[in-house]
There are 2 protein chains.
Amino acid sequence: MTTTERPRRADAERNVKRLLEAGAQVFASTGTALPLEEVARVAGVGKGTLYRHFPTREHLLAALLAATFADLADRAAQLRAELEPMQAYEAWLAEFDRMPAGYRGLRSVLVEALGDDASVIATACGPMKEETARILADAQAAGMVREDITANDLLAVVAGLPEGLRRGAEAHPWLGVLIDGTRTPASARSTR
Amino acid sequence: MTTTERPRRADAERNVKRLLEAGAQVFASTGTALPLEEVARVAGVGKGTLYRHFPTREHLLAALLAATFADLADRAAQLRAELEPMQAYEAWLAEFDRMPAGYRGLRSVLVEALGDDASVIATACGPMKEETARILADAQAAGMVREDITANDLLAVVAGLPEGLRRGAEAHPWLGVLIDGTRTPASARSTR
DNA sequence: ACCTGAACACCGTTCAAGT
DNA sequence: ACCTGAACACCGTTCAAGT
């Protein structure tokens with residue numbers, strides 16, 4: 001996002017591209033614990049080159065996930081524009097919950113990133129978090145969702161739903177449980 | 001639990017005891033990623049001795065957590081005996097949610113263990129899971145909790161609540177969100 | 001200015017030698 | 001029968017030499 005795009009030597013640029021392709025491939029097959037040595041090998045570059053461009057595993061993961069996060073932020077904005085507050089809220093959480101499927105370990109990486117604002121991945125999540133905050137605020141303003149929760153924690157809790165819950169393609173009840181649980185309680189609606 | 005307690009040579013027994021003490025100490029300060037080499041060093045035994053008695057990190061963790069899990073199972077049984085179904089349900093989940101506090105990484109270890117019946121730690125969780133199943137069944141039989149959830153997934157979802165939610169000592173709203181979300185929906189109560 | 005890969009460090013795991 | 005610690009393996013990280 002705010003990365004300064006300095007001009008790069010042609011070979012450096014080519015290597016970054018190869019590393020991202022190799023990273024995506026190894027990430028898809030191995031998950032978030034992807035062996036960095038293998039990424040360099042698949043990319044056909046030295047390990048030092050990987051380290052020069054991506055000083056930590058989180059930097060590589062952030063780069064690999066950046067496009068997905070940006071797309072998701074756009075999708076959230078779209079849902080907010082098209083749907084009523086509570087429908088947008090439910091639809092967006094369902095999309096967010098679906099995202100980490102198939103990437104081993106991504107849920108816990110997301111939980112960690114959402115719990116540490118200083119994390120490199122948290123930065124990549126920024127626009128997504130802002131859209132979530134808007135959607136949540138709309139639903140709260142409409143009196144549909146309890147006021148004592150934050151967008152950041154909401155995403156963290158959804159991301160923290162265990163991977164194993166999805167048996168085959170069938171939907172699990174837990175996202176619905178969470179959404180129901182965040183509705184404004186009947187007691188609060190009548191007394192206020 | 002079902003471990004066959006063979007007689008052991010006196011030095012072996014002493015070493016196991018030392019390893020468990022050292023393990024508890026390192027676990028408390030480092031969390032679930034405790035360096036095994038350090039455990040052996042603190043215990044004053046060779047690394048080979050650690051590996052002989054605890055072939056994997058999970059075996060060591062299971063041994064370290066066994067007493068806590070057994071106590072929790074007893075506590076669950078006690079709550080079930082003393083309270084009305086829904087109160088027992090809420091009180092038990094609150095106690096279970098409090099347990100991993102202070103042990104870095106324990107929540108995700110629990111999530112993983114609850115997602116894999118073959119895991120060594122899952123075995124240690126057995127009695128706790130059985131009590132949870134009874135408490136859940138009671139609450140469901142009383143018509144208070146939705147029927148489409150299982151005890152195992154319930155524990156996994158509670159364990160999966162992010163560590164970072166607890167800022168200081170103040171309670172977080174998310175356990176309440178989950179409990180509310182698992183209540184039998186008003187629609188189901190009226191139509192059935 | 002950037003790349004390379006040997007070298008280093010860390011730590012989990014194995015095993016030959018010892019008691 | 002069990003213990004020990006050197007040796008090995010794996011992999012992340014650094015850096016001197018090269019282009």
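The structure displayed is predicted, hence computed values, not measured ones.
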*Asks:* May I have the distance from A/Glu37 (atom CD) to C/dC11 (atom C1'), rounded to whole angstrom?
*Replies:*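 Checked: the CD to C1' distance equals 15 Å.
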
*Asks:* Does a salt bridge link B/Asp180 with A/Arg146, judged by any charged N lying under 4.0 Å from a carboxylate O?
*Replies:*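 Looking at B/Asp180 and A/Arg146, the cut-off is met.
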
*Asks:* Under the criterion side-chain contact (heavy atoms from CB on, under 4.5 Å), which of B/Asp71, B/Val158, B/Thr68 is the partner of B/Met99?
*Replies:*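 Looking at B/Asp71, B/Val158, B/Thr68, the match for B/Met99 under the side-chain contact (heavy atoms from CB on, under 4.5 Å) is B/Thr68.
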
*Asks:* How does protein reach along nucleotides 13-19 of chain C, written 5' to 3' as B (base within reach of a heavy atom under 4.0 Å), S (only sugar-phosphate), or - (no contact)?
*Replies:* BBB----

*Asks:* Quick check: are there more than 12 heavy atoms from other residues, nucleotides or ligands sitting under 6.0 Å from CZ of B/Arg104?
*Replies:*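 No - once you tally the heavy atoms of other residues, nucleotides and ligands closer than 6.0 Å, there are 12 at most.
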
*Asks:* For the side chain of A/Val45, starting at C-beta, report the closest nucleotide among C/dC2, C/dT4, D/dT4.
*Replies:*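 For the A/Val45 side chain, the nearest candidate turns out to be C/dT4.
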
*Asks:* Round to the nearest Å and state the distance from A/Phe54 atom CZ to D/dG12 atom C1'.
*Replies:*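 Spelled out: CZ on A/Phe54 to C1' on D/dG12 is 16 Å.
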
*Asks:* What is the minimum heavy-atom distance between B/Pro173 and A/Ile149, and which atoms define it?
*Replies:*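 Nearest pair, atom of B/Pro173 first, then A/Ile149: CG-CG2, 4.1 Å.
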
*Asks:* Determine which bases of DNA chain D form Watson-Crick or G-U wobble pairs with both distances under 3.5 Å, and write the result as a 5' to 3' dot-bracket string with | for other-strand partners.
*Replies:* ||.|||||...|||||.||

*Asks:* Does this structure show an ion pair linking B/Arg18 with B/Glu13, if we count only N-O contacts that are shorter than 4.0 Å?
*Replies:*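 Answer for the salt bridge query: no.
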
*Asks:* Of the nucleotides C/dC3, C/dG12, D/dC2, which one has an atom closest to the side chain of B/Arg52?
*Replies:*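 Per side-chain heavy atoms of B/Arg52, the pick is D/dC2.
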
*Asks:* To the nearest Å, how far apart are A/Glu58 CD and D/dG12 P?
*Replies:*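 The distance from CD of A/Glu58 to P of D/dG12 comes to 12 Å, rounded to the nearest Å.
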
*Asks:* Please determine whether the number of non-hydrogen atoms from other residues, nucleotides or ligands lying under 6.0 Å from atom CD of A/Glu131 exceeds 12.
*Replies:*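 More than 12 heavy atoms, drawn from other residues, nucleotides or ligands, come within 6.0 Å of this atom.
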
*Asks:* Tell me the interatomic distance from A/Glu13, atom CD, to C/dC3, atom P, rounded to whole angstroms.
*Replies:*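 Rounding to the nearest Å, CD of A/Glu13 and P of C/dC3 are 11 Å apart.
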
*Asks:* Nearest 0.5 Å please: distance from the CD1 atom of A/Ile135 over to the CZ atom of A/Phe96.
*Replies:*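 It comes to 11.5 Å.
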
*Asks:* Mind running salt bridge (charged side-chain N to carboxylate O under 4.0 Å, His left out) on B/Arg183 and B/Glu90 for me, showing each step along the way?
*Replies:* CA-CA 11 Å; B/Arg183 288 181 206 278; B/Glu90 296 190 20; 3.3 Å; yes

*Asks:* Would one find more than 12 heavy atoms of other residues, nucleotides or ligands at under 6.0 Å from atom CD of A/Glu84?
*Replies:*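 Result for CD/A/Glu84: open.
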
*Asks:* Please check if any side-chain donor atom of B/Asp97 sits under 3.5 Å from a side-chain acceptor atom of B/His172, or the reverse.
*Replies:*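 B/Asp97 vs B/His172: donor-acceptor pair found between side chains.
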
*Asks:* Expected output is a numbered-order residue list: members of residues 19-34 of chain B with a heavy atom under 4.0 Å from any atom of DNA chain C. What is it?
*Replies:*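 Correct list: empty, so none.
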
*Asks:* Nearest to the side chain of A/Pro35, heavy atoms from C-beta on, is which of D/dG12, C/dG12, D/dC3?
*Replies:*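 My answer, after comparing the listed nucleotides, is D/dG12.
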
*Asks:* Return no unless some side-chain N or O of A/Asn15 is found under 4.0 Å from OP1 or OP2 of C/dC3.
*Replies:*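 Yes, because at least one side-chain N or O of A/Asn15 sits under 4.0 Å from OP1 or OP2 of C/dC3.
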
*Asks:* Can you check the B/His59 NE2 to C/dG12 P distance for me, whole Å?
*Replies:*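 Value for this atom pair: 16 Å.
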
*Asks:* Between A/His53 and C/dC3, is there a side-chain N or O to OP1/OP2 distance below 4.0 Å?
*Replies:*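 A/His53 to C/dC3 OP1/OP2: side-chain N or O found under 4.0 Å.
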
*Asks:* Have A/Tyr89 and A/Thr182 got a donor and an acceptor in their side chains that come within less than 3.5 Å?
*Replies:*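 There is such a pair (donor and acceptor under 3.5 Å, judged by atom type) between the side chains of A/Tyr89 and A/Thr182.
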
